[in-house]
Amino acid sequence: MSETPDRQEVVELAKRRGYLYPSFEIYGGASGFWDYGPLGTSLKNEVVDSWREMYVVRHGYEEIETTTVGTEDVYEASGHADGFADVLASCTDCGTFFRADHLVEDHTEVENADGMPKERLGEILAEEGVACPSCGETLDDARVEEFNLMFETNIGPGSARPGYLRPETAQGIFVDFQRLKRYYRGSLPFGVTQVGRAYRNEINPRQGIVRLREFSQAELEYFKKPDDEIDIAPVEDVEVRLYPVDEQEDEDGEPFVTTVGDAVEDGVIDSPTIAYFVGRSQEWYESIGIDPAKLRFRQHLPDERAHYASDCWDGETLTTYGWIEVNGVADRADYDLRKHAEHSGEEMGVFEEYDEAVVREETVADPDMSVLGPEYGGAASRIADALREKARDEPGAFGGDEVNVTVDGEGYTVPVEAAGFERREVRETGENVMPQVIEPSYGLDRIVYSVIEHSYGTDTVEDEERTVLRLPPGVAPFDAAVFPLVSKDGLDEHAREVRDALRDAGLRVKYDDSGSMGRRYRRHDEIGTPLAVTVDYDTKEDGTVTLRDRDTTEQRRVDKNEVAEEVRSVVEGV
RNA sequence: GCACCGGUGGUCUAGUGGUAUGACAAGGGCCUUCCAAGCCCUUAACACGGGUUCGAGUCCCGUCCGGUGCACCA
């Protein structure tokens, strides 16, 4: 396990070296908002690139980009408008927050307090003399306020139409589902990804970059038939640390390490598809520098599941903030598509053809209303309905000259010719199914922060302590640094040529000729640059440069014409 | 949101009412043949807004930000 760093030192380094900046710092800042500096942006881009490499490139889960502002309909359908808009009552004596509707329901005769306006809830609390469950003081002067975690805005001038900043990127994919289903030519399963910002107006975010009001998500919505499961074979041997509900509820319960294959076989993870994405997540985390000893997957307890999820496994990393959630693999079932189908009236299902068409016999009645109408007057249409029902359920009743039905306790006898009874063959080639959704969703900011913490370390080089970010070469902000041994005798010009050659080869390179060699090595150790290329007097003689490794500090000589390939083979892990 | 503590150059820091100390870092120059060397010069701070006072980094109030605990986290 990597050492546990001092958070102050990590945050200080991140700010000082250009990884993370508090937003609007010159105006005092605002909690829950952080900017990425040049190095942070580069690191985050590398992390996002490798995420895309995994899902978009290797799995073919193509990426879309949807708006960050959504209309009210979207979030009414998704449940966020209600789910996010709790009425909170805060005790003026001890400051504790409570759900006002829960207080009213639990402590008075009033039922169905959910959805009551805040004014009414406040009145009830005062009238009924409800006491604060925390300190016992009466809540007659409690502050009762609606708090919606979604940022609200207006679409167009005035306040005609409310809009919300999206609280997750997922809804954009669900809302576009009909188009996406046509894009994938109507066949399940398929996956759609999105990377982007989401917004939650947290009550009091205080954990640095771990709890943000504006944050970046990378989400995959994997749409499948109810009994489709991804084959776990590619990840069955991947070792994962799991913390299922049983272990969490058991006093002596502990997370344990197993393989994805065994987790499915032993029924620890019900859904092979969820297990597959847990395995892929594990592999990906290790590739970007998350310490596997500080990584686990914890199953949500039933009462912490989101309103849409039937099962959920969270990836968690151990940081100086404790275990923090960095991703969730949630079984959203058909919740979202069903809700959007209901609210929009649109068909969200996918037509699935059977392997073989099913042919079955159907019995139907098509009553002749020109006979029934004049004969039975006002009862005619109900009699017709009864005939249709009878044709379906009791076809034998149509065998004679007449058929009897009962409507509202009164019997009617109808000539069988008027019933329009028919036996016919029906060929069913398939059915509409509502896709089930498995959603792996990643919190990029927390992941980037975890990578920084897990990479942070100190060691001793030549009796001097140094700070080093042991970032995997593939995600480090710079691929290499280029130094002239001294900035005279033409070595500096030579070094700039080497820099330019590396840049032409598509590598991210920083040139540095300030201070001593040792100082430059330290600078780049601290920001995690994996390799340093030094141009010295021998370069002029034999065309070789030294290539110095960040982690071992070992050096070797490489021909300057081959240095680009050498660097590339390290950063690409070949 | 409540309570307590804190906020001085990029970083760390001295400063108990009289125009802010030092170090490191950074930039320029000299020097320099591979792991924070040396010399010269330079840049650069009292979180913000009020108040008390002849005078406020210092005392008071409010706000913002951070830390810790409580609460919140669909």
Original post:
Taking the six-membered ring for Trp, is the centroid-to-centroid distance between A/F33 and A/F24 below 6.0 Å?
Top reply: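 Ring centres of A/F24 and A/F33 closer than 6.0 Å.
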Original post:
Do A/Y222 and A/F277 make the cut of ring centroids closer than 6.0 angstrom?
Top reply: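 Yes; A/F277 has its ring centre under 6.0 Å from that of A/Y222.
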Original post:
Taking only side-chain nitrogens and oxygens of A/S31, does any of them come within less than 4.0 Å of OP1 or OP2 of B/C64?
Top reply: no
Any-strand Watson-Crick or G-U partner of [N], both distances under 3.5 Å:
N     : answer
B/C65 : B/G6
B/A26 : B/U42
B/C31 : none
B/C54 : B/G18
B/C70 : B/G1

When the [atom1] atoms of [N] and [M] are considered, how many whole Å apart are they?
N     : M     : atom1 : answer
B/G10 : B/U68 : C1'   : 27 Å
B/U19 : B/C60 : C1'   : 22 Å
B/G9  : B/U13 : C1'   : 11 Å
B/C4  : B/U43 : C1'   : 39 Å
B/A44 : B/U52 : C1'   : 31 Å
B/A45 : B/G7  : C1'   : 12 Å
B/U16 : B/U8  : P     : 16 Å
B/C31 : B/A23 : C1'   : 23 Å

Side chains of [X] and [Y]: closer than 4.5 Å at any heavy-atom pair?
X      : Y      : answer
A/T534 : A/Y521 : yes
A/T66  : A/T169 : no
A/I274 : A/I438 : yes

Original post:
Angle class for the A/Y285/A/F297 ring planes (parallel below 30°, perpendicular above 60°, tilted otherwise)?
Top reply: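 Aromatic pair A/Y285/A/F297 classed tilted.
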**OP:** Look at the rings of A/F177 and A/F223 and say which category their plane angle falls in: under 30° parallel, 30 to 60° tilted, over 60° perpendicular.
**Re:**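 The arrangement is tilted - the two ring planes meet at 30° to 60°.
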For residues 477-502 of chain A, which side-chain N or O atoms pair as donor and acceptor with protein atoms under 3.5 Å away, sequence neighbours left out?
{"unit_1": "A/D479", "atom_1": "OD2", "unit_2": "A/R508", "atom_2": "N", "d": "2.7"}
{"unit_1": "A/D489", "atom_1": "OD2", "unit_2": "A/Y537", "atom_2": "OH", "d": "2.3"}
{"unit_1": "A/H494", "atom_1": "NE2", "unit_2": "A/K560", "atom_2": "NZ", "d": "3.1"}

Can you tell me if [X] uses its side chain to pair, donor with acceptor, with the backbone of [Y] under 3.5 Å?
X      : Y      : value
A/Q299 : A/V245 : yes
A/E526 : A/L13  : no
A/T460 : A/E465 : no

**OP:** Would you please say whether a donor-acceptor pair under 3.5 Å links the side chains of A/N45 and A/S42?
**Re:** no
Atom pair distance, as rounded to whole Å: [atom1] in [X] and [atom2] in [N]:
X      : N     : atom1 : atom2 : result
A/D6   : B/C12 : CG    : C1'   : 13 Å
A/Y335 : B/A74 : OH    : P     : 14 Å
A/I527 : B/A25 : CD1   : P     : 17 Å
A/E12  : B/C65 : CD    : P     : 22 Å
A/R206 : B/C72 : CZ    : P     : 13 Å
A/D512 : B/A26 : CG    : P     : 9 Å
A/F33  : B/G66 : CZ    : P     : 11 Å
A/K15  : B/G9  : NZ    : P     : 11 Å

What nitrogen or oxygen pairs link the protein and nucleotides 61-63 of chain B at under 3.5 Å?
none

**OP:** Assign a letter to each nucleotide of nucleotides 29-49 of chain B from its 5' end: B, base within under 4.0 Å of a protein heavy atom; S, sugar-phosphate only; -, no contact.
**Re:** ---BBBBBS------------
For [Y], is there an ion pair with [X] - N to carboxylate O distance below 4.0 angstrom?
X      : Y      : result
A/D525 : A/R466 : yes
A/D336 : A/K339 : no
A/E72  : A/R161 : no
A/E202 : A/R211 : yes
A/D311 : A/R332 : no
A/R7   : A/E12  : no

Subject >> Contacting residues from residues 434-455 of chain A, given that a heavy atom lies under 4.0 angstrom of RNA chain B >> reply: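 Output list: empty, so none.
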**OP:** Could you identify which residues of residues 320-334 of chain A place a heavy atom less than 4.0 Å from some atom of RNA chain B, listed by residue number, or say none?
**Re:**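 Those residues whose heavy atoms fall under 4.0 Å from RNA chain B, taken from residues 320-334 of chain A, amount to none.
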Sort me out a list of protein N/O and nucleotides 4-6 of chain B N/O pairs below 3.5 Å, or just none if empty.
none

Original post:
Base, sugar-phosphate, or nothing: which does A/A532 touch, judged by heavy atoms less than 4.0 Å apart?
Top reply: nothing
